[in-house]
Amino acid sequence: MTDWFRENARDLPWRDPGCSPWGILVSEVMLQQTPVVRVLPVWREWLERWPTPAHLAAEPSGAAVRHWGRLGYPRRALRLHAAATAIVAGHAGEVPATYDELLSLPGVGTYTAAAVAAFAFGRRETVVDTNIRRVHARLVGGTALPAPALTAAETRRAVALLPDDEALSVQWNAAVMELGAVVCTARAPLCDACPVIDACAWIAAGRPAPEYVPKGQSWAGTDRQVRGAIVAVLRHADSPVARPILLWAPVDLGIGVPVDVPHLAGHAGPLAALHGLQAPTEQLERALAGLLADGLAEETEAGLRLPG
DNA sequence: AATCCGTGGGA
DNA sequence: TTCCCAAGGAT
């Protein structure tokens, strides 16, 4: 497995030996639920703009949201900014090296804490992400997919499989994750290219179908869609946007919002760009209230804007 | 424990 | 076209 990784690992900038722990932390948060190819350009811009936690912490959180671009789940940008602030305040500006310290940072959960401890500091940690879960489920468990949610049994299995040697454990975590990302994929696994196909319990069992159907997340007409549209406007606006304009006005009336915002182009305001809303006014107000409560937007006398 | 939280590329 | 889902976290 680790031999295969040495030969086939993708050349990703956060895997460069010279990459700082901060660079690795930023990459791990950006990669939460977002594909590598979309993270790459934003990660480069972030590290150039904010090479250390102190650089980011010195700016208002809205700058983090603005430069998050369209990676999705912009609250991650907010939490990364909060993590940078905590690192400056509580760790002398240096990303902490232990799992427990990392876990205490905003936006850092069990996966990210283990990943940063392992990949940035060479620690022996049990890293469990969606790729590793799927590889274990197939290779060892013989099922097409892991359980819908992480189980204690899965964690125990991952702990048992982790090599004792510290340096080897780091390579193991990276290798299993990479195998899941590029070979043992969710939909159409490339079993012909798999280095451990002869040991795969799922292959041995005849590649049985999944035992359940993953339930997809609804999207059209949800608050998430509305929130996304509102934040897209605020991200592109160069000055505060008055509430009624934000919610209702055409986007090309000189409020600083470019008309080339992809899903807003040619439409009249964020609401009109959305279809199938049950109660548009209520939903817009509710979505905006949610953004304000989450700190993704703030309201001034001049109007609404990203925090800062 | 179940739900919410964005986005866009590929099957 | 629609659907799936990608290095999760917080509540």
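For clarity, every value in this text was computed on a predicted model and none was experimentally measured.
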Asks: Strictly by modelled atom types, are A/His67 and A/Glu45 linked by a side-chain donor-acceptor pair under 3.5 Å?
Replies: yes

Asks: What interatomic distance, in whole Å, is found between P of C/dA7 and the corresponding atom of B/dG10?
Replies: 15 Å

Asks: Taking for each residue the nucleotide of DNA chain B with the nearest heavy atom, is it A/Leu296 or A/Arg187 whose nucleotide lies nearer the 5' end?
Replies: A/Leu296

Asks: Using a 4.0 Å heavy-atom cut-off across all strands, classify A/Val108 as base, sugar-phosphate, or nothing.
Replies: sugar-phosphate

Asks: What's the closest nucleotide to the A/Asp223 side chain, out of C/dC5, C/dG9, B/dC5?
Replies: B/dC5

Asks: How about CD on A/Glu94, more than 12 heavy atoms from neighbouring residues, nucleotides or ligands closer than 6.0 Å, or not?
Replies: no

Asks: In terms of side-chain heavy atoms of A/Arg75, which of B/dC5, C/dG8, B/dT7 is nearest?
Replies: B/dC5

Asks: Measure CG/A/Leu25 against C1'/C/dA7 and give the value in whole Å, please.
Replies: 13 Å

Asks: Return the 5'-most residue of the pair A/Ala115, A/Gly107 with respect to DNA chain C, ranking by each residue's nearest nucleotide.
Replies: A/Ala115

Asks: In whole Å, what separates the P atom of C/dT11 from that of B/dG6?
Replies: 14 Å

Asks: Identify every side-chain donor-acceptor pair in residues 202-212 of chain A under 3.5 Å, counting partners at least two apart or on other chains, and give the distances.
Replies:
from: A/Trp202; atom 1: NE1; to: A/Pro208; atom 2: O; distance (Å): 2.9
from: A/Tyr212; atom 1: OH; to: A/Pro146; atom 2: O; distance (Å): 2.6

Asks: Checking all strands, does A/Leu80 fall into the base, sugar-phosphate, or nothing category for heavy-atom contacts under 4.0 angstrom?
Replies: nothing

Asks: When you measure from every atom of DNA chain B, which of residues 27-57 of chain A have a heavy atom less than 4.0 Å away?
Replies: A/Gln33, A/Thr34, A/Arg38

